[in-house]
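Quick notes on the structure that follows.
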Amino acid sequence: MNKTDFKGSVMLNPVPVVLVTSKNKEGKVNVFTVAWAGTVCTKPPMISISIRPERLSHEYISETREFVINLPSSKLVKRVDFCGVKSGKNIDKIKHLGFTLNEGINVSVPSIAECPVNIECKVKDIIPLGSHDLFTAEVVLNRVDDNLLDEKGKIHFEKADLVAYSHGEYFTLAKKPLGKFGYSVRKKR
Ligand SMILES: Cc1cc2nc3c(=O)[nH]c(=O)nc-3n(C[C@H](O)[C@H](O)[C@H](O)COP(=O)(O)O)c2cc1C
């Protein structure tokens, strides 16, 4: 098959889109949208987010070295977009969008109650890369809505109706998985 080659951009698609809450030294809370986020280590559990230095969130997170990653469900997608185009420098996005904040458990930063999953993080390193600074952070707690758990305590993320981001557009996930981890090699009984 013929292919057209592109240079100078990153075409990793799709990616998650998340809401990141942060707090500054004075206790002001902000939220912004992040698509450049990823899991980077299992033990210790670590995550990364890349932030442009001009974002207010960059200032807040650099000050207190804590943040919360809030996974939005599809019904929140308009609010997700808003948090990605408006800066906390000009508007209190949390108040404007009517988000409910839950106090942090292992961090001082609150999480967004409307998001079914909240991941509390403590920054380990801030690495300047160019347009963005890479924040690597240890996950100190994951909070999951009880209605995503079955009676055995298994988490059903498919019930959370999470959002993917691909080439500038927001997508919902299919309700049914294409397969399970390892299904390609699993022997049929
Ligand atoms: C879908 C989407 C994804 C985004 N991903 C990032 C990102 O990964 N890193 C970043 O620095 N900005 C990202 N942005 C832009 C910021 O969210 C945006 O500039 C926001 O207004 C910054 O808010 P703040 O100044 O209150 O921190 C994204 C925006 C959108 C809409």
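Each ligand, and each atom within it, is numbered from 1 in the order the structure gives. In this text the structure is predicted, and so the values were computed from the model without any measurement.
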Enumerate the atoms of ligand 1 whose separation from the nearest heavy atom of [X] is less than 4.0 angstrom.
X: Trp36; answer: 8 (O)
X: Cys83; answer: 17 (O), 20 (C), 21 (O)
X: Ser57; answer: 24 (P), 27 (O)
X: Tyr165; answer: 1 (C)
X: Ile51; answer: 11 (O)
X: Asn30; answer: 24 (P), 26 (O), 27 (O)
X: Ser87; answer: 21 (O), 23 (O), 24 (P), 25 (O), 26 (O)

Check whether the side chains of Glu66 and Ser22 place a donor and an acceptor atom closer than 3.5 Å, and report yes or no.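 Distance-only check fails for Glu66 and Ser22.
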
Is it the case that the side chains of Ser111 and Asn102 hold a donor-acceptor pair, with the cut-off being a distance below 3.5 Å and no angle test?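 The answer is no; no qualifying pair exists.
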
Which protein heavy atom lies closest to [atom], and at what distance to 0.1 Å?
atom: atom 29 (C) of ligand 1; result: Gly84 O, 3.4 Å
atom: atom 9 (N) of ligand 1; result: Ser50 O, 2.8 Å
atom: atom 10 (C) of ligand 1; result: Arg55 NE, 3.5 Å
atom: atom 5 (N) of ligand 1; result: Ala35 N, 3.0 Å
atom: atom 23 (O) of ligand 1; result: Lys93 NZ, 3.0 Å

Regarding ligand 1, does [X] bring an N or O atom to under 3.5 Å of one of the ligand's N or O atoms?
X: Lys89; value: no
X: Tyr170; value: no
X: Val17; value: no
X: Gly88; value: yes

Proximity of [X] to ligand 1 by residue part, where a heavy atom lies under 4.0 Å:
X: Ile49; value: neither
X: Lys86; value: backbone
X: Ala37; value: neither

For the pair His58 and Phe135, name the ring-plane relationship: parallel under 30°, tilted 30 to 60°, perpendicular over 60°.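 Perpendicular.
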
Among Thr33, Leu56, Asn90, closest by any non-hydrogen atom to atom 4 (C) of ligand 1: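 Nearest heavy atom to atom 4 (C) of ligand 1 lies in Thr33.
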
Give a yes or no answer on whether the side chain of Glu120 reaches the backbone of Ile105 with a donor-acceptor pair at less than 3.5 Å.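 Side chain of Glu120 to backbone of Ile105: a pair is present.
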
Under the 3.5 angstrom rule, does the side chain of Asp145 hit a backbone N or O of Leu148 as a donor-acceptor pair?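 It does not hold such a pair.
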
CG/Asn147 to NE2/His156 distance, rounded to the nearest 0.5 angstrom?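 That separation rounds to 11.5 Å.
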
Please confirm whether Tyr60 approaches ligand 1 to less than 4.0 Å, judged on its heavy atoms.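 Not so, Tyr60 does not reach ligand 1.
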
Could you tell me whether Lys86 atom NZ has more than 12 heavy atoms of other residues or ligands within 6.0 Å of it?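 Open: at most 12 neighbouring heavy atoms sit under 6.0 Å from NZ of Lys86.
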
Is atom CD of Glu54 surrounded by more than 12 heavy atoms (other residues, nucleotides or ligands) closer than 6.0 Å?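 Yes, CD of Glu54 has more than 12 neighbouring heavy atoms, counting only those of other groups under 6.0 Å.
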
Please assess Val117 against Asn142 for the test side chain to side chain contact (heavy atoms under 4.5 Å, CB included), listing each intermediate value before the final yes or no. CA-CA 7 Å; Val117 179; Asn142 296 289; 5.5 Å; no

Going by an N to O cut-off under 4.0 Å, is there a salt bridge joining Glu138 and Lys122?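 Between Lys122 and Glu138 there is no salt bridge, as every charged N stays at least 4.0 Å from the carboxylate O atoms.
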
Candidate list Ile112, Asn70, Val29, Thr21, test side-chain contact (heavy atoms from CB on, under 4.5 Å), partner Phe99, passing option: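 Checked Ile112, Asn70, Val29, Thr21 against Phe99; only one passes side-chain contact (heavy atoms from CB on, under 4.5 Å): Ile112.
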
Do Cys83 and Leu97 have side chains that get closer than 4.5 Å, going by heavy atoms?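 A side-chain contact under 4.5 Å exists here.
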
Can you name the nearest heavy-atom pair linking Asn13 to Tyr165, along with the distance?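 Smallest interatomic distance, heavy atoms only, reads OD1-O, 4.2 Å.
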
